[in-house]
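In what follows, every chain begins at residue 1, and chains take the letters A, B, ... in the order their sequences are listed.
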Amino acid sequence: MAGADSQKNGDNRPSKRTKMDGESSASASPAAPGPPPTMPTENPYLAHLPPSERFTSNGAANAASSSDPLAGFVPRQVTGKQARAVMEGDVNPFAATPRPYSQKYRDILAKRKELPVYAQMDEFYEKFNQNQIMVMIGETGSGKTTQIPQFVAYSDLPHTRKEKGADGILAPRMIACTQPRRVAAMSVAKRVAEEMDVSLGKEVGYTIRFEDATDRRTTFLKYMTDGMLLREAMNDHNLERYSAIILDEAHERTLATDILMGLLKEVVQRRSDLKLIVMSATLDALKFQKYFNDAPLLKVPGRTFPVETFYTPEPEPDYLEAAIRTVIMIHQAEDEGDILVFLTGEEEIEDACKKIKAEADDLAASNPDLCGPLKVVPLYSSLPPAQQQRIFEPAPERITPNGPPGRKVVISTNIAETSLTIDGIVYVVDPGFSKQKVYNPRIRVESLLVSPISKASAQQRAGRAGRTRPGKCFRLYTEKDWANELIEQSYPEILRSNLANTVLELKKLGIDNLVTFDYMDPPAPETIMRALELLNYLAAFDDDGNLTPLGTIMAEFPLDPQLAKMLIVSPEFKCSNEILTIAAMLSVPNVFVRPNSQKQQADAARAEFAHPDGDHLTLLNVYHAYKTNCPDNKTASDWCWQNYLSYRALMQADNVRSQLQRTMERFDLDLVSTPFEDKRYYTNIRQAIACGFFMQVAHKSGGKGTYQTIKDNQLVSPHPSTTLDHTPEFVLYHEFVLTTRNYIRTITEVRPEWLLEFAPAYYDPSNMEGEVKRIMAGIQGKKAKGPAAGRRK
DNA sequence: GAGCACTGC
């Protein structure tokens with residue numbers, strides 16, 4: 001796109017321009033080189049001038065048009081002094097038509113000036129102007145997420161550099177800032193629109209799944225989830241719509257961020273005009289710098305209060321008991337201030353809440369002069385939003401005017417470590433554990449394991465105590481364990497995941513060799529092999545490891561490859577409407593609610609939807625019942641409540657279903673159903689599912705309804721929640737869950753004939769062993785003798 | 001006869 005200048009730092013437009021001007025006159029003769037493609041060509045404030053007069057010979061906006069606050073700005077040669085002058089000036093240069101700043105803008109600007117990052121604006125511009133890539137370390141409270149993208153806007157002037165896209169629309173070359181979470185992308189965009197005194201969704205916007213608050217013609221600064229940018233990259237390998245990309249929260253090392261880093265490392269070589277800023281919170285700066293060819297570093301201090309850390313003298317044998325004891329100790333002995341306790345999961349948290357509440361009530365009753373009232377609040381993601389909001393309620397009032405103050409205790413999972421910030425926390429209790437995802441490529445199973453956290457995590461947790469004033473952190477492990485046992489950083493997600501999806505995405509991104517791709521942390525080759533193998537069996541990849549036409553479409557669906565495959569083949573089985581529903585239901589959290597106190601009622605409610613042939617069909621029943629019985633929101637939430645179903649999950653399923661349906665339509669995949677009266681109605685559905693999940697099948701083995709997985713011979717039991725009312729010879733399962741026992745969850749009966757018919761290579765008797773081999777060979781023999789074999793495929 | 005750490009498309 002941009003000039004093919006190959007200097008080290010990539011972007012040398014200004015100097016190049018000067019040189020050009022020295023060689024040829026700046027006349028508007030058609031033969032003159034004219035401005036390079038990325039130079040401003042559309043400055044709305046200079047619209048009264050013909051394009052050739054809008055910029056001086058060195059590319060600066062023409063100073064003669066004195067009303068333009070950006071007069072004299074050379075893209076990417078802008079200094080802190082220039083930017084500050086405009087920020088503190090009278091006219092907003094980023095508004096659709098230049099207009100005076102509002103009073104609110106000035107009020108906010110005063111606060112922005114206090115942010116640590118503001119003080120380093122000059123240093124930022126020096127590094128930004130001179131380098132294509134830079135790494136930024138900004139601790140909590142530095143203001144990097146809101147300010148840096150704005151700084152870039154003053155330098156890139158994206159709103160003055162509109163270009164026609166492939167769709168013929170004149171659009172700004174945007175600045176993107178990625179976030180790992182949707183709420184962050186949304187709330188930061190809203191804040192920055194206010195700070196810039198422009199409208200959200202017009203000049204500054206955000207894009208997340210299910211919601212695009214941007215305007216193709218006017219948005220020049222876009223906050224988005226990292227996954228969303230990755231999706232865009234799949235169809236635009238050079239990310240041409242962007243002039244600068246800022247990867248925020250890179251230290252979290254989400255799968256999407258890691259892939260984007262690898263991809264962008266390649267893109268910056270192809271696009272010398274693209275600037276990249278990688279932002280992270282402390283610590284691994286050197287690793288990022290090294291990965292990005294020794295990119296320069298800008299370090300900005302945070303703005304938090306000191307946190308005093310305490311360790312236990314001896315290891316604690318029972319961290320749950322120790323955590324409870326510590327909370328009670330703090331409540332009795334420490335000054336006013338709320339407490340945040342980190343535990344690993346829902347059950348543990350509810351248990352701890354009960355115990356702490358009981359002890360604290362006893363204490364307050366027996367020592368009203370020593371202990372104030374204590375409010376205990378649980379926090380985890382599956383909690384309904386209304387209950388999550390309770391963490392923001394104030395601590396209880398003191399009971400008597402001179403009595404001891406009340407206190408709030410929040411008992412939380414890791415969600416409070418990154419996603420949610422609670423003000424007023426002064427004390428943190430950190431037992432040092434969290435549930436972490438691990439992937440075992442040998443048996444192809446992802447599971448959750450309670451594991452020790454990393455030092456980085458522990459520091460993040462401690463930091464939560466110092467957001468409003470100095471705080472204390474009580475670590476329930478010894479200082480020696482801290483030093484010797486905790487690893488520095490948590491393993492990035494890419495090392496802990498099944499990569500089937502990722503490998504498909506990478507291919508779609510145009511990455512040819514998945515093994516030599518420049519990962520910041522390369523995954524185990526076995527994990528990549530497992531993914532390639534699966535995608536090959538699903539016919540997404542051919543035998544040479546290239547994407548097939550089917551694989552190309554599969555990558556467009558926001559689904560696991562197995563689900564995408566079953567959806568794409570479903571029209572052939574005349575059941576795409578039903579498979580759409582099942583895919584959506586399998587993509588959202590469990591729709592069945594089962595409160596501890598009402599297990600029987602909940603099970604009875606579920607039985608109303610049960611389909612005897614399997615859980616996939618039960619999910620279909622639930623969705624149909626939901627759509628039939630819930631014409632509006634009010635009835636829906638009541639109906640869900642009465643039927644022990646999660647309204648939230650069902651709404652999500654509805655949302656996902658529409659998105660999947662749109663993707664189906666985009667690829668001309670028919671939306672069809674077999675008539676319900678037709679005896680093949682359910683068979684067709686089950687066959688389509690089998691086309692996606694034939695690798696996840698178990699065969700009955702031994703007594704007592706136990707099964708053995710076909711590929712890895714793992715002994716498994718159907719999950720007790722299943723609605724399957726018999727024990728067929730073959731079942732297909734959606735998930736393998738490793739808890740107290742090996743369970744297969746969400747299962748449906750399949751026929752061995754289908755497996756051989758739809759996945760002949762996989763089920764070829766020569767690949768099989770024992771009983772299954774005999775069964776498959778038997779079917780093959782019969783088929784060979786019978787009339788024409790193979791109805792489909 | 002039982003569990004969903006947390007995100008994301």
Side-chain angles (χ1 to χ4, degrees), chain A residues 178-185 207-212 224-235 249 252-260 342-350 379-383 412-420 433-438 446-451 453 457 490 492-494 496-497 501-502 504-505 508 554-561 563-564 583-584 587-596 599-600 602-603 606 646 648-649 652 655-656 659-660 662-663 704-705 717-722 735 737-746:
Chain A
T178 66
Q179 297 292 318
R181 283 167 291 280
R182 287 186 212 159
V183 271
T207 303
I208 58 177
R209 187 182 186 181
F210 305 126
E211 200 183 347
D212 183 9
M224 63 203 302
T225 46
D226 47 14
M228 210 67 216
L229 185 61
L230 201 56
R231 287 261 137 199
E232 286 188 12
M234 293 194 334
N235 290 308
E249 314 289 2
E252 288 195 25
R253 303 291 306 277
T254 65
L255 247 171
T257 299
D258 267 27
I259 300 303
L260 279 171
F342 286 100
L343 291 178
T344 65
E346 173 177 345
E347 202 179 317
E348 206 174 79
I349 288 169
E350 293 294 351
L379 177 64
Y380 42 88
S381 76
S382 57
L383 217 51
S412 171
T413 60
N414 258 0
I415 192 170
E417 197 180 301
T418 48
S419 309
L420 273 170
F433 292 95
S434 71
K435 274 191 191 169
Q436 288 165 33
K437 186 171 74 181
V438 286
E446 277 182 350
S447 50
L448 286 172
L449 216 63
V450 174
S451 327
I453 61 173
S457 252
S490 312
E493 201 182 356
I494 197 169
R496 298 183 287 116
S497 307
N501 230 335
T502 306
L504 185 60
E505 277 169 13
K508 186 78 203 268
M554 280 168 65
E556 292 282 340
F557 284 92
L559 292 173
D560 279 342
L563 288 168
S587 303
V588 298
N590 191 359
V591 294
F592 297 107
V593 178
R594 196 164 184 264
N596 268 331
K599 287 181 180 170
Q600 281 186 348
D603 289 349
R606 174 202 286 245
S646 161
R648 203 163 43 133
Q652 278 181 49
N655 227 344
V656 172
Q659 191 191 28
L660 296 176
R662 285 194 297 275
T663 310
K704 289 178 280 179
S717 306
H719 194 271
S721 66
T722 188
E735 281 182 293
V737 280
L738 229 152
T739 52
T740 45
R741 292 167 69 178
N742 289 344
Y743 287 111
I744 46 175
R745 191 162 52 190
T746 315

Exercise for the section: Looking at every strand, decide which applies to A:R182 at a 4.0 Å heavy-atom threshold: base, sugar-phosphate, or nothing. Expected result: sugar-phosphate
Completion exercise
With syn meaning chi within 90° of zero and anything else anti, the base of B:dC4 is syn
Practice task
Have a look at A:L448 and say if it touches a base, only the backbone sugar-phosphate, or nothing, with a 4.0 Å heavy-atom cut-off.
Solution key: base
Exercise for the section: Could you tell me whether A:S381 contacts a base, only the sugar-phosphate backbone, or nothing, with contacts defined as non-hydrogen atoms closer than 4.0 Å? Expected result: sugar-phosphate
Exercise for the section: Answer with base, sugar-phosphate or nothing: what part of the nucleic acid does A:Y380 contact at a heavy-atom distance below 4.0 Å? Expected result: sugar-phosphate
Exercise for the section: Flag the pair A:E249 and A:R181 as a salt bridge only when some basic side-chain nitrogen lies within less than 4.0 angstrom of an acidic carboxylate oxygen. Expected result: no
Handout entry: A:R606 (side chain) donor-acceptor with A:V593 (main chain) under 3.5 angstrom
Key = no
Handout entry: Check: A:T257/A:E252 side-chain N/O donor and acceptor closer than 3.5 Å
Key = no
Problem - Under the side-chain hydrogen bond (donor to acceptor under 3.5 Å, both in side chains) test, residues paired with A:T722 that sit two or more places apart - result: A:D615
Practice task
Specify the residue among A:D603 and A:K435 whose closest nucleotide of DNA chain B lies further upstream toward the 5′ end.
Solution key: A:D603
Fill in the blank from the handout: chain A vs DNA chain B, heavy-atom contacts under 4.0 Å, first-to-last nucleotide span, 5' to 3', is B:dG1 to B:dC9
Handout entry: Between A:E348 and A:Y380, a side-chain donor and acceptor under 3.5 Å
Key = no
Exercise for the section: Under 4.0 Å between any heavy atoms, over every strand shown, what does A:E346 touch: base, sugar-phosphate, or nothing? Just pick one. Expected result: sugar-phosphate
Exercise for the section: For A:N590, answer base if it contacts any base atom (sugar-phosphate contacts may also be present), sugar-phosphate if it contacts only those atoms, and nothing otherwise; contact means non-hydrogen atoms under 4.0 Å. Expected result: base
Practice task
Would you classify A:L230 as touching base, sugar-phosphate or nothing, given that sugar-phosphate means primed atoms plus P, OP1 and OP2, and contacts are heavy atoms under 4.0 Å?
Solution key: nothing
Handout entry: A:L255 backbone acceptor or donor facing A:E493 side chain under 3.5 Å
Key = yes
Exercise for the section: Answer yes or no: is there a donor N or O on one side and an acceptor on the other, between the side chain of A:R594 and the main chain of A:A602, under 3.5 Å? Expected result: no
Handout entry: Sugar-phosphate, base or nothing in reach of A:R231, heavy atoms under 4.0 Å
Key = base
Practice task
For A:S434, report the nucleic acid contact type (base, sugar-phosphate, nothing); a contact means any heavy atom under 4.0 Å.
Solution key: nothing
